[in-house]
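Have a look at the structure below before the remarks.
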Amino acid sequence: MGAAIDVEQPTRPAELTAGTVEFRFDQRGPDTVVVFYGGHMRAGLALGEKAYVAADCSLLVPSRPGYGRTPVSTGGSARGFADVTADLCRHLGITEVAAAVGVSGGGPTAVAMAARHPALVKRLILQSAIGPLPWPDRRTYLSAQVAFSPHAEGVSWTLARSLIRHAPELGLTLMLRDLTVLPVRSMVAGLRPEDRAKLIGLFSRMRSGHGFVNDLRDLKANPNAMRLIAEVAQPCLVIASRRDGAVPFTHAEALADGLSRAELLESEADSHFIWFGRDWPAIADRMHVFLKAGSSSAPDVES
């Protein structure tokens, strides 16, 4: 079960009380997984979803505030959008969520959904997720305010796509340099050809919209994250790599310590992108077992 970066997936909007939400709903089995992707991602992009397909789960993927066709005004914060997503589930007739999945900057929204809607969400999966520790550092915050402001992000991504297309080795090196603690040139040189192609495909489709700057603002204004984490009673799988240069492994440790029923699963990936680690098939298998333990057709077994 490798990482999946496919062509742009079809999405549609829902008009809810809080506003418009762009989403993708891939219906398969009776169990539904809700995936909150992180920065620069939207509902039309797919990353590492084959693990859920293998578990025969339906997938609900909303674009968080400011990404894709979801305006910042819809929900706005992690807590606000968790409530919006619960409303989206009701709108779609989803009465139970097998797992809320938080990827990177989508982690706080998944945590908030589990904490605020315990009757709806049965499980929590956090992948390279931002936890309750301060994030980002001052340098990242200030540089992101410039590069990914609503007026500049289009230019930034156009330049990045051009560089990746015409000089892929240099482009990948620049895009990955802040996502790993390893020497980035040697890391890029060691990428498998199929992973290199998938990363190029992903970076070629990313956009920030108004979302990334909104994420930074929300994270800086969220001093009560640990209290919300303490309210989560569901079983949780926390997956992260010590080589992640974007979200330090200490975030995963803080999440595992703060969540009452958490299992910390350490990835051997060389960067923030755990889906490209050589141990990803084993991690995907563990996720499969975790999801089936919380399915509507199997007894609820504590992890």
Side-chain angles (χ1 to χ4, degrees), residues 18 21 23 25 31-38 43 48-49 51-52 55 57-65 75-92 94-133 135 215 218-219 222-240 247 251-265 286-296 298 300-303:
V21 179
F23 72 97
F25 188 28
D31 298 321
T32 298
V33 171
V34 177
V35 180
F36 298 104
Y37 282 122
E49 293 183 359
Y52 313 119
C57 290
S58 295
L59 271 174
L60 175 61
V61 186
S63 293
R64 294 188 301 110
S77 66
R79 295 185 185 212
F81 196 65
D83 295 343
V84 169
T85 305
D87 191 24
L88 177 62
C89 288
R90 288 189 288 270
H91 176 77
L92 297 172
I94 299 169
T95 58
E96 183 177 276
V97 170
V101 180
V103 180
S104 189
T109 307
V111 169
M113 190 175 180
R116 294 169 70 84
H117 301 279
L120 176 65
V121 179
K122 295 194 67 176
R123 288 282 194 275
L124 181 63
I125 298 176
L126 299 173
Q127 301 175 337
S128 302
I130 293 172
L133 306 181
W135 192 94
D215 285 348
D218 184 38
L219 288 165
N222 189 23
N224 299 317
M226 186 57 82
R227 186 166 61 191
L228 192 66
I229 287 168
E231 295 175 6
V232 175
Q234 299 94 320
C236 177
L237 193 59
V238 181
I239 309 166
V247 180
H251 281 255
E253 292 175 320
L255 285 165
D257 287 343
L259 292 159
S260 61
R261 300 173 66 190
E263 174 189 349
L264 178 56
L265 188 58
R286 176 68 190 99
M287 288 171 52
H288 189 155
V289 172
F290 184 76
L291 287 167
K292 290 291 98 177
S295 74
S296 57
D300 189 13
V301 180
E302 184 171 348
S303 302

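All heavy atoms count here, side chains included; hydrogens, waters and symmetry mates do not. All of these numbers come straight from a predicted model, not from anything done at the bench.
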Subject >> Residue pair L126, L259: steps toward the side-chain contact (heavy atoms from CB on, under 4.5 Å) verdict >> reply: CA-CA 11 Å; L126 299 173; L259 292 159; 4.1 Å; yes
Original post:
Taking only residues two or more places apart in sequence, or in another chain, which ones meet A115 in a side-chain contact (heavy atoms from CB on, under 4.5 Å)?
Top reply: L228, E231, V232
**OP:** Under the salt bridge (Lys or Arg N to Asp or Glu O under 4.0 Å) rule, collect the residues that match up with R90, sequence neighbours excluded.
**Re:** D87
Original post:
For the atom pair CD1 (I125) and CZ (R286), what is the distance rounded to the nearest 0.5 Å?
Top reply: 9.5 Å
**OP:** For the pair R64 (side chain) and Y37 (backbone), establish whether a donor and an acceptor sit closer than 3.5 Å, ignoring hydrogens and angles.
**Re:** yes
Subject >> Approximate separation, where rounding is to 0.5 Å, of T95 OG1 and L120 CG >> reply: 8.0 Å
Subject >> Nearest heavy-atom neighbours spanning G131 and H251 >> reply: N-ND1, 2.9 Å
Original post:
Does some side-chain heavy atom of L291 sit less than 4.5 Å from a side-chain heavy atom of R123?
Top reply: no
**OP:** Output the distance between atom CD1 (I130) and atom OG (S104), rounded to the nearest 0.5 Å.
**Re:** 5.0 Å
Original post:
At what distance, to the nearest 0.5 angstrom, does CZ of F290 lie from CG of L237?
Top reply: 5.5 Å
**OP:** Give the minimum heavy-atom separation between V238 and A262, together with the two atoms involved.
**Re:** CG2-CB, 4.4 Å
Subject >> Closest heavy-atom pair and its distance - G76, P65 >> reply: N-CG, 3.7 Å
Original post:
If we only count heavy atoms from C-beta on, is the M287 to I239 side-chain gap below 4.5 Å?
Top reply: yes
Original post:
So, for H288 and A55, which heavy atoms are closest and what is the spacing to 0.1 Å?
Top reply: NE2-CA, 3.7 Å
**OP:** Sequence neighbours left out, what passes side-chain contact (heavy atoms from CB on, under 4.5 Å) with T85? Give chain and number order.
**Re:** V34, F36, P62, F81, M113
Subject >> All salt bridge (Lys or Arg N to Asp or Glu O under 4.0 Å) counterparts of D83, not counting sequence neighbours >> reply: R116
**OP:** Please identify each residue that fulfils side-chain contact (heavy atoms from CB on, under 4.5 Å) with L92, with sequence neighbours left out.
**Re:** R12, F23, F25, L60, L88, I94
Original post:
L255 and A129: which non-hydrogen atoms are nearest, and at how many Å?
Top reply: CD1-O, 4.0 Å
**OP:** Run the numbers on K122 and D31 for side-chain contact (heavy atoms from CB on, under 4.5 Å), then give the verdict.
**Re:** CA-CA 11 Å; K122 295 194 67 176; D31 298 321; over 6 Å; no
Subject >> Shortest non-hydrogen separation from A233 to S260 and the atoms involved >> reply: CA-OG, 4.1 Å
Original post:
Looking at residues at least two apart in the chain, or sitting in another chain, which of them share a side chain to side chain donor-acceptor pair (under 3.5 Å) with T32?
Top reply: none
